[in-house]
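Keep in mind it's a predicted model, so treat the numbers as computed, not measured.
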Protein chains: 2
Amino acid sequence: MTTVKDIAAAVGVSVATVSNVLNGRPNVGRVIRHKVLRAAKRLGYQPNRAAQAMRTGRTRAIGLVLPDLTNPFFPELAQAVENTARNLGLLVCLVDSQGRAEGEADGFALLMQHAVDGIIWCPVGPRLPPYLHDATPPVVLIDRPRPGFPVVHSDYLMGGRLLADYALRMGHRCVGLLSGPQNLASARQRRDGFVEAFPRDITVAWEVSVGFDGILNAEALKALKRRGKATLIVAGNDLIAISAMRCLVESGIRVPEDVSITGFDNIRWTDVVTPRLTTIAQPVGAIGAKAVQLMQARMSGEKIASGRTIFDVTLVERDSVRRN
Amino acid sequence: MTTVKDIAAAVGVSVATVSNVLNGRPNVGRVIRHKVLRAAKRLGYQPNRAAQAMRTGRTRAIGLVLPDLTNPFFPELAQAVENTARNLGLLVCLVDSQGRAEGEADGFALLMQHAVDGIIWCPVGPRLPPYLHDATPPVVLIDRPRPGFPVVHSDYLMGGRLLADYALRMGHRCVGLLSGPQNLASARQRRDGFVEAFPRDITVAWEVSVGFDGILNAEALKALKRRGKATLIVAGNDLIAISAMRCLVESGIRVPEDVSITGFDNIRWTDVVTPRLTTIAQPVGAIGAKAVQLMQARMSGEKIASGRTIFDVTLVERDSVRRN
DNA sequence: TCGGATTAGTAAAACGTTACACTAGAGGCA
DNA sequence: TGCCTCTAGTGTAACGTTTTACTAATCCGA
């Protein structure tokens, strides 16, 4: 690897001057500036980030801590984060906690050792772990708000309302709720947005809460089989909806002929299951990009509000809901 | 952040001694060793990786360069890589090239600047880019062999053969091939394994090659619609198979009543589409873990062969193939 | 022409760690 | 006792970069 020293030697100036040129400082003349730049290019100079990091305390790397790459929401997010980060010259260090707080803590420790400049984080568990004290680099949360931190996520209440409006419009008056984990605000708001948008028209025949990974518990299975008067099942996300559909058809219940169903997230697979799933689309790419931008702003010293950045969602009407 | 200096001051020894203790060197007595260790714990010492990197030239970080996180094979792989890396104390730096050689080159440059100790890589494009010269850190390829590099992947020939055996057993004698991109060995071998396992029994009614992302081109669409005498469609991977199924049912062709179909990869969604897809399962987690282990071996100086590590695959029989 | 301000460039310290070369003392042995 | 070998520990240079404090030269205005 060529270093500033090599460039300095090649051009015949001091390393300080090389550094000054490379960092765009004004105190160096045109001709030497050009010489240095050309030598740098010719020698294929790549800055040694470790040395820079040691001197400046900034690594130009950020952490991305996710609970579960297996949920298709997250790869899409990761892709967006990585790409916009790369365009800013930031390296993305990945931690997949597999939903375990312990793994998350380990990953965090690793990120701290490597002194990442910031962390984009979708936390597991209801509260922030204790290792988040003042010395920690800036954190931007994704999807799961915690007091004191900026967070970016979709307008889940709006999503719930859109679904409610749509359900109403399609003539459904009695629904079953297969909500996500109610300790997560994102799941709660989807549900609440839906429920609150029906002043009194609605009847909730039953409500069961399951994990976002779409693994249905016994209670959910039971609710699906004898589904009461519900003509529409509102699932907490697409994974849940798809699992539920699978379970229904296996019990000989047809979708949407016998019962309608909606999802949330608009993952790729909503379009290939049968019937294609009606759902709410989140702008995942925009969310990831925004998180990186916030991060970058905080890293470069701007004081950004520790509030929320919320993205609109849209209804994607497909084939899993029929008029009642 | 506490440094070795702080520990040295706290215990009353030199920084050299602290370093010696922390690195498990033998030249320090029991009592001081314990004192240092306790002080380190008490002060919450975390080594400064940047400083270590500068001194030793090793960062304890590895790069993971993938073509497309949107293909479910890769998140699963990434999860496995990240987890086994983390257990070895290695940080994973992610690059998603989105299938573009340019993005891959950018990501590579970033990884080089950060001086990762090794790169686990699933390359796009048929040949290795020019920036791979001798100074590069050790590379372990995933899934796509290139001369001179170790690679770990599944036994695609075996997968093809398993499918051929199965097709034969189920009475199919005429197939359509919806192969993956034939410039990729992984796609080619799946196809060849299949074709070669039928000495002369088989008839290949038609063959079209499409991308692994499952986006069907016009030729593929046409082949699917008038499918000739083929009673079985052998798709290059699950994404292709699922797209094809979707296309077939939209044309009023029933699966598997009118035509059978198989996939490859056994991604999660093979189990939720209708009908559930018969496919070949790859041990993705094992592949990821093995890649990290090879990497680690090479990093610690072991000379590993630049050959192949190949994993057995298995047939997962579900509902998309019917007896002919 | 004087002297202050500006411009162009440099020397060297510092970041936190490791590793080499070294020393002081203890122990062993003839 | 004298000499050699261990053991336990230390001092310090070095890694590549940035940055502060500094100098030398030039410029400008009066």
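In this structure, the ring of B:Phe108 has its center less than 6.0 angstrom from the ring center of B:Trp121.
Listed candidates were C:dT18, D:dT17, C:dT10. Nearest to the side chain of B:Ser19 is C:dT18. Comparing C:dA11, D:dG16, C:dT17 against the side chain of A:Ser14 picks out C:dA11 as the nearest.
Nearest approach of A:Ala10 to A:Arg42, heavy atoms of both residues: CB-NH2, 4.3 Å. Of all non-hydrogen atoms in B:Glu104 and B:Pro123, the two that sit nearest each other are OE2-CA, 3.5 Å. Closest approach of A:Asp96 to A:Pro67, counting heavy atoms only: OD1-O, 3.5 Å. Contact record, B:Ala80 with B:Val284: CB-O, 4.5 Å, taken as the closest heavy-atom pair.
Whole-Å rounding puts the A:Met1 CE to D:dC15 P distance at 16 Å. The separation between B:Lys5 atom NZ and C:dA14 atom P is 9 Å, rounded to whole Å. The interatomic distance linking A:Asn20 (CG) with C:dA8 (C1') rounds to 10 Å, in whole Å. Here D:dG16 presents its C1' atom at 8 Å from OH of A:Tyr45, a figure rounded to the nearest Å. Atom CZ of B:Arg58 and atom P of C:dA19 are 11 Å apart (whole Å). Rounded to whole Å, the distance from NE2 on A:His114 to C1' on C:dG16 is 15 Å. D:dG16 atom P lies 15 Å from atom CG of A:Leu43, rounded to whole Å. Rounded to whole angstrom, the span from the CD atom of A:Gln113 across to the P atom of C:dG16 amounts to 16 Å.
Using a 4.0 Å cutoff on non-hydrogen atoms, the parts of residues 22-39 of chain B near DNA chain C are B:Asn23, B:Arg25, ordered by number.
Listed pair B:Gln52 / C:dT18 meets the phosphate criterion, a side-chain N or O lying under 4.0 Å from OP1 or OP2. Here A:Thr17 reaches the OP1 or OP2 of C:dT10: one of its side-chain N or O atoms lies under 4.0 Å away.
With DNA chain C read from its 5' end, the first of the two nearest nucleotides for A:Val13 and B:Ala51 is the one closest to A:Val13. Where B:Thr56 and B:Val15 each meet DNA chain D at their nearest nucleotide, the meeting point lying more 5' is that of B:Val15. Across the interface with DNA chain D, nearest-nucleotide mapping of B:Val18 and A:Val4 shows B:Val18 to be the residue nearer the 5′ end.
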Test side chain to side chain donor-acceptor pair (under 3.5 Å) applied to B:Arg55 and B:Gln52, step by step: CA-CA 5 Å; B:Arg55 187 67 246 259; B:Gln52 284 184 324; over 6 Å; no
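Inspection of the B:Asp68 and B:Gln98 side chains reveals no N or O donor paired with an N or O acceptor under 3.5 Å.
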